[in-house]
Amino acid sequence: MKLPTDEPSSRLLLVEDELILALPIIRGLEEEGYTVDLAKNGVEGEDFAMSENYDAMLIDWGLPLLDGRSLIQRLRRQGCVVPIIMLTARRDVKHKVSGLDAGADDYVSKPFSYEELLARLRALLRRSTSAAIPTHSHAFGDLTLDATRNQAFVGDASLTLRTKEYKLLELLLEYRDRVLPRSIIAQRIWGSVLEVTDNAIDVTVSGLRNKLSEVQSEDHFLAIETIRGVGYIIKHDNQVPPPQSQRAGNHD
Ligand code: CA
């Protein structure tokens, strides 16, 4: 079977340490028209993933140097949004959920049928093509957004955001150096200025502010400033002026 000729060949990364498993997969995928790179441990996998542009990645769970789950987590935190299928020898649900939580899009359990792997890969590539996901997501200071999962990361901490909070954060980043007007928030998040009350916007802004403040530290500072009567602007630590150390009068 060959890929239809109107479909461009997809470039894949396989991270698998056992050659006895990796080689037949590569041979099969190449016969289908895919181009496949092989990384034989987690560290090599990270290097490949961050330096090349792949359409999808197949990552084994049990890997030398850096296990597959940690690798996926590291890639997502660095803003990599390439679709990932996790290959795992374990079948328990807890294990799979933990892999998906780490940032995998799908998984196949070993031993898997080659047909199943191909079908899942095709489905994943279709989804990612239709969503036209950029290779890397937004990044702002220590903040990165992963649009495939509505998730935000500040340094090592991940933020679980409600859909509207995530959209607001995305908009704030789009307007990063300008004031984001409330009217734009209403139109882009609620669909119309008529559909939303001031209170609903305030609640969403304060919800997002609270979640950002939970992951603040001396190393990571993010703030949503209110510009009265206009809207909001997001700033990270390098853009926030240091607190005034000198005051006009001495009150001590
Ligand atoms: Ca392995």
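These numbers come from the heavy atoms of this one structure, side chains and all, not from hydrogens, waters or symmetry mates. Whatever order the structure lists ligands and atoms in, that order sets their numbers, starting from 1.
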*Looking from the Ca ion (ligand 1), what is the angle between OD1 on Asp17 and OD2 on Asp60, to the nearest 10°?*
90°

*Which value, rounded to 10°, describes the OE1(Glu18)-the Ca ion (ligand 1)-O(Gly62) angle?*
160°

*Are Lys164 and Trp190 close enough that some pair of their side-chain heavy atoms sits under 4.5 Å apart?*
yes

_Contact summary for Leu63 and Leu66, nearest pair of heavy atoms_ = CB-O, 3.4 Å

*asked:* Using a distance threshold of 3.0 Å, state whether an N, O or S atom of Leu63 lies below it from the Ca ion (ligand 1).
replied: no

*Would you check if Leu29 and Leu14 make a side-chain contact, meaning some heavy-atom pair closer than 4.5 Å?*
no

*What are the two closest heavy atoms between Asp55 and Ser10, and how far apart are they?*
OD2-CA, 3.2 Å

